[in-house]
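So you know, we letter chains A, B, ... as the sequences are listed, proteins then strands, and number each from 1.
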Amino acid sequence: MKITINDDFDLLKIADSGQCFRFNACGEGFTVMALDKYLFIKKVGEKEYELSCSEEEYEGFWKEYFDLGLSYSELRGRIDPAEDPYLYAAAEYGKGIRILKQDLWEMLISFIISQRKNIPAIKASIEKLCAKVGRKAGETPEGEILYAFPTAKEIASLSMEDLAACSLGYRDKYVMKAAREVASGYVDLESWKDLDDAGLMERLLELFGVGVKVANCEILFGYHRLDAFPKDVWINRVLDRQYPGGFMFDKYTPYNGIMQQYLFFYSRTTM
DNA sequence: AGGCAGGTTCTTA
DNA sequence: TAAGAACCTGCC
C-alpha cells in the first residue's frame, strides 16, 4: 500500500538514530522488524511511501509504530535558534528522526545487550539471538531470511551455551534472568505502564543488568514516555561541552527525549 | 598489541 | 555513599 506523510520522516536517519537495531537499508528501501512483524518500506515520492503491508496492518500497527500522530515539525519549531543555537543546529541536522513506538520486551533485551557495545556489535548480537531461536518472520527483497525477536519463553528455554554463541559476553546472565522473570510472570512489563515515572524507573532498576541509562532507554523507546532523557557517553559529552550552565529541560517538557535524539544524532557525527 | 565501545555490578573505604 | 575495578567480545 502507499501512504503520504506530511511531517518530518527520514528513514535513513531513523535507521541510524540508535533507537532501533533491526531497521536497515536494503536495496531501494528499508527492512523493519518489530517483534515478529516485518515491513519493507520505500520512499517513492516527496512525501510518499510504499509499504509492503496491508492497509489493515498499517492502520492497526505501523502507523502507531512510526508515531505518526505527533507533529515533530511542530516540536522542532519550539526551538529558538537565538536562545539555543546548538540544539537548533542539531534539530535541523536530525530533522526526520522520530521516536518509534517499539515493543517493551524487545527494547529491554536490546538495551541490556547494548551496554559497552557499539551499534554494529549490538545489531550482530541481536540478529544472532533471533536466528538462534529461528522463528522465520519475513524475507527481504534480497532473499535474506529475517527471524522474529524471541519471546521471553523462547530465550528462557535456551541453554547458556546457546546464549554465549550470540556474543552477549557477560550480559548473557542479565538476558537469561530477565527472560526467566518475564516468562514466569514475576515481571509484567505491560502492567508497569500504569506506574508513574518514578515508580516505573524504580521497577526497572530492580532488574539485573539494568542501570539508569538502560532504564531510560526502555522508558523512552519502549514505554514511549517522551520526556525520558537517556544519558550515554555521547550525550554526557554534549552536556559537558555545550551546556555547562545546564540544558533547558523545563522548556521542552514533556518532550525532552526527542531533543535528546537530535543531540545524540548530531553529536555522533560532529564530535 | 593494547585500548576501547551508547554501562552495570561488585568491591572496597 | 562514593569512587574504582572488573567484565565478554570484536574491531581497530
Side-chain angles (χ1 to χ4, degrees), chain A residues 12-24 86-87 90 93-94 97-100 102 104 106-132 155 158-182 187 189 200-243 247 256-271:
Chain A
L12 184 56
K13 290 178 188 174
I14 293 170
D16 289 343
S17 64
Q19 62 177 300
C20 51
F21 304 105
R22 308 194 73 202
F23 192 128
N24 298 298
Y86 188 84
L87 179 60
Y93 185 82
I97 292 175
R98 310 181 72 81
I99 309 266
L100 303 174
Q102 302 186 76
L104 294 177
E106 180 170 357
M107 288 301 96
L108 178 65
I109 295 303
S110 296
F111 281 98
I112 284 177
I113 290 173
S114 80
Q115 58 189 260
R116 262 188 93 75
K117 272 179 177 286
N118 55 33
I119 290 177
I122 299 165
K123 288 185 170 186
S125 279
I126 291 173
E127 287 312 315
K128 285 181 191 174
L129 183 59
C130 296
K132 175 63 73 178
I155 291 180
L158 295 176
S159 66
M160 290 309 284
E161 288 72 28
D162 287 333
L163 281 187
C166 301
S167 306
L168 301 183
Y170 62 87
R171 308 159 195 79
D172 58 359
K173 53 189 178 293
Y174 304 155
V175 170
M176 182 54 86
K177 186 163 190 199
R180 287 178 177 158
E181 290 181 341
V182 170
V187 165
L189 298 172
L200 177 58
M201 173 61 80
E202 192 178 350
R203 282 306 175 85
L204 289 169
L205 291 178
E206 288 169 3
L207 299 173
F208 189 40
V210 176
V212 173
K213 193 274 179 177
V214 170
N216 271 123
C217 286
E218 171 75 347
I219 292 169
L220 180 58
F221 304 126
Y223 287 92
H224 205 71
R225 297 195 186 184
L226 299 181
D227 209 38
F229 195 95
K231 291 178 182 173
D232 51 46
V233 291
W234 294 95
I235 286 294
N236 282 328
R237 217 168 283 165
V238 171
L239 293 178
D240 288 347
R241 296 183 191 176
Q242 306 294 335
Y243 297 95
F247 182 75
N256 280 294
I258 293 173
M259 303 306 157
Q260 189 272 8
Q261 281 291 281
Y262 293 139
L263 292 173
F264 175 73
F265 188 72
Y266 191 49
S267 71
R268 284 213 311 141
T269 50
T270 60
M271 292 177 84

* Describe the nucleic acid contact of Ile113(A) in one word from base, sugar-phosphate, nothing, applying a heavy-atom distance below 4.0 Å. => nothing

* To do: Taking the six-membered ring for Trp and the single ring otherwise, decide whether the centroids of Tyr262(A) and Tyr86(A) are under 6.0 Å apart.
  => no

* Non-hydrogen atoms of Leu205(A) and Ala215(A) that approach each other most closely -> CD2-CB, 4.0 Å

* To do: By nearest nucleotide on DNA chain B, pick out whichever of Ser114(A) and Gly209(A) is the more 5' one.
  => Ser114(A)

* Asked: In whole Å, what separates the C1' atom of dC11(C) from that of dT8(B)?
  -> 22 Å

* **Watson-Crick or G-U counterpart of dT1(C), or none if no pair lies under 3.5 Å** => dA13(B)

* Asked: Has the side chain of Lys213(A) got a donor or acceptor that lies under 3.5 Å from a partner of the other kind on the base of dG6(B)?
  -> yes

Could you run down the sub-3.5 Å N/O contacts of the protein with nucleotides 9-12 of chain C?
none

* **Smallest separation among heavy atoms of Tyr93(A) and Lys13(A), with atom names** => O-NZ, 3.0 Å

* Ser110(A) near the nucleic acid: base, sugar-phosphate alone, or nothing, with a heavy-atom cut-off under 4.0 Å? -> nothing

* With under 30° as parallel and over 60° as perpendicular, where do the rings of Phe247(A) and Phe229(A) fit, or are they tilted in between? -> tilted

* To do: Look at the rings of Phe264(A) and Trp234(A) and say which category their plane angle falls in: under 30° parallel, 30 to 60° tilted, over 60° perpendicular.
  => perpendicular

* Using the P atom on both, measure dG3(B) against dA5(C) and round to a whole Å. => 14 Å

* Just checking Ile119(A): base, sugar-phosphate only, or nothing, at a heavy-atom cut-off of under 4.0 Å? -> base

* To do: Could you tell me whether Gly18(A) contacts a base, only the sugar-phosphate backbone, or nothing, with contacts defined as non-hydrogen atoms closer than 4.0 Å?
  => base

* Structure fact -> Taken to the nearest whole Å, CH2/Trp234(A) to C1'/dC4(B) is 12 Å

* Using the P atoms only, state how far dG6(B) lies from dA6(C), rounded to an integer number of Å. => 22 Å

* At under 4.0 Å between heavy atoms, what does Tyr174(A) touch on the DNA or RNA strands: base, sugar-phosphate, or nothing? -> sugar-phosphate

* To do: Using Watson-Crick or G-U wobble geometry with both distances below 3.5 Å, tell me the partner of dC8(C), or none.
  => none

